[in-house]
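Read the numbers this way: they start at 1 and go in the same order the structure lists the ligands and their atoms.
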Amino acid sequence: MKVIAVLNQKGGSGKTTIATHLARALQLDGADVLLVDSDPQGSARDWAAVREDQPLTVVGIDRPTIDRDVKNVARKVDFVVIDGAPQAADLAVSAIKAADFVLIPVQPSPYDIWATADLVELVKQRIEVTDGKLQAAFVVSRAIKGTRIGGEVADALAGYALPILDARITQRVSYPGTAAAGTTVLESEPDGDAAAEVRALAAEIKQKLN
Ligand code: ADP
Ligand code: MG
């Protein structure tokens, strides 16, 4: 079992969008996947509930016992994806403890990158404690299509010495559009660019976890 925690204390960075899509992409690729909603607001649970024949199992664990609970709940699955909560440092610490891979979605703006400093510090401490067993990376989220990520964004990210994934998630109306139906772009337009970028993200993380 591998645990991927999608974390960023900032709301609106795309955690729930990425966590739901990543979980579904891994599942469509043949894995057994559990999605853990650690946000007390329950966005991922709301998302899942809209769809009657929801193929993804979503459980809420919004207490700082995620590391213990995930071990108990998820022994039988291939992947656990944790949708992170905004604020709540204790939940973040517990999700980091549970994780094999911390994925930090950031919008391509220096302000959003600077706002991850505390999280990055927690992640780095955990990487040290685990002797590098924990992996972590940024993924650019809600990138504007057709624009390059500017040098100032790359510089701000590079300052943290965590890698930036090659895969990135673009700002597209299809993401909130499919959320309303409890589905993903993988179902609504499996041959489209959005589905391709989601699959690329899943593949890159899987490869790093191998
Ligand atoms: P978080 O979980 O970090 O708060 P969400 O995934 O809920 O972030 O995204 C916040 C808002 O932005 C939601 O309304 C969501 O639909 C929208 N959003 C997130 N990612 C994208 C994207 N790639 N393209 C378009 N809208 C997005
Ligand atoms: Mg969310």
Side-chain angles (χ1 to χ4, degrees), residues 4-25 34-51 56 58-63 66 80-92 94-96 99 102-109 111-120 122-123 136-149 153 164-190 192-202 204-205:
I4 303 162
V6 184
L7 303 178
N8 184 334
Q9 255 106 312
K10 199 171 159 85
S13 55
K15 291 181 293 297
T16 301
T17 301
I18 288 178
T20 50
H21 278 80
L22 177 60
R24 192 72 182 114
L34 176 72
L35 179 59
V36 170
D37 184 355
S38 77
D39 185 347
Q41 273 191 355
S43 312
R45 278 166 277 180
D46 288 342
W47 165 83
V50 185
R51 181 171 170 187
L56 202 59
V58 184
V59 297
I61 307 178
D62 48 20
R63 280 169 299 175
I66 302 168
V80 176
V81 177
I82 302 173
D83 181 18
Q87 316 299 342
D90 53 343
L91 289 178
S94 154
I96 291 167
V102 173
L103 181 66
I104 307 173
V106 274
Q107 288 182 253
S109 141
Y111 301 117
D112 290 71
I113 295 160
W114 293 331
T116 65
D118 292 350
L119 172 63
V120 170
L122 290 173
V123 169
F138 289 105
V139 60
V140 173
S141 171
R142 313 185 66 176
I144 304 301
K145 201 173 154 197
T147 56
R148 294 189 53 232
I149 300 304
V153 167
I164 309 159
L165 296 186
D166 293 330
R168 76 175 47 149
I169 299 298
T170 309
Q171 177 80 17
R172 300 174 194 269
V173 288
S174 52
Y175 286 113
T178 54
T183 64
T184 65
V185 299
L186 299 160
E187 283 108 336
S188 67
E189 358 160 7
D193 293 346
E197 70 184 12
V198 170
R199 280 193 294 264
L201 173 64
E204 192 171 359
I205 293 172

Geometry only, no angles: is [X] polar-contacting ligand 1 at N/O separations under 3.5 Å?
X    : answer
D83  : no
G14  : yes
R142 : yes
S141 : no

Among R168, R172, Q107, closest by heavy atom to atom 25 (C) of ligand 1 is R172

Within less than 2.8 Å of the Mg ion (ligand 2), any N, O or S from T16?
yes

Contact region, T170 to ligand 1, non-hydrogen atoms below 4.0 Å, reads backbone

For P176, the ligand 1 atoms with a heavy-atom partner under 4.0 Å come out as 16 (O), 25 (C), 26 (N)

One finds that the ligand 1 atoms under 4.0 Å from a non-hydrogen atom of I169 are 23 (N)

Notebook entry, point to check: Applying a strict 4.0 Å limit to heavy atoms, is A179 in contact with ligand 1?
Noted result: no

### Message
Please confirm whether G11 approaches ligand 1 to less than 4.0 Å, judged on its heavy atoms.
### Response
yes

Distance col, row I205:CD1 vs L22:CG, nearest 0.5 angstrom, shows 5.0 Å

Taking every heavy atom of D83 against every heavy atom of A44, the minimum-distance pair comes out as OD2-CB, 3.6 Å

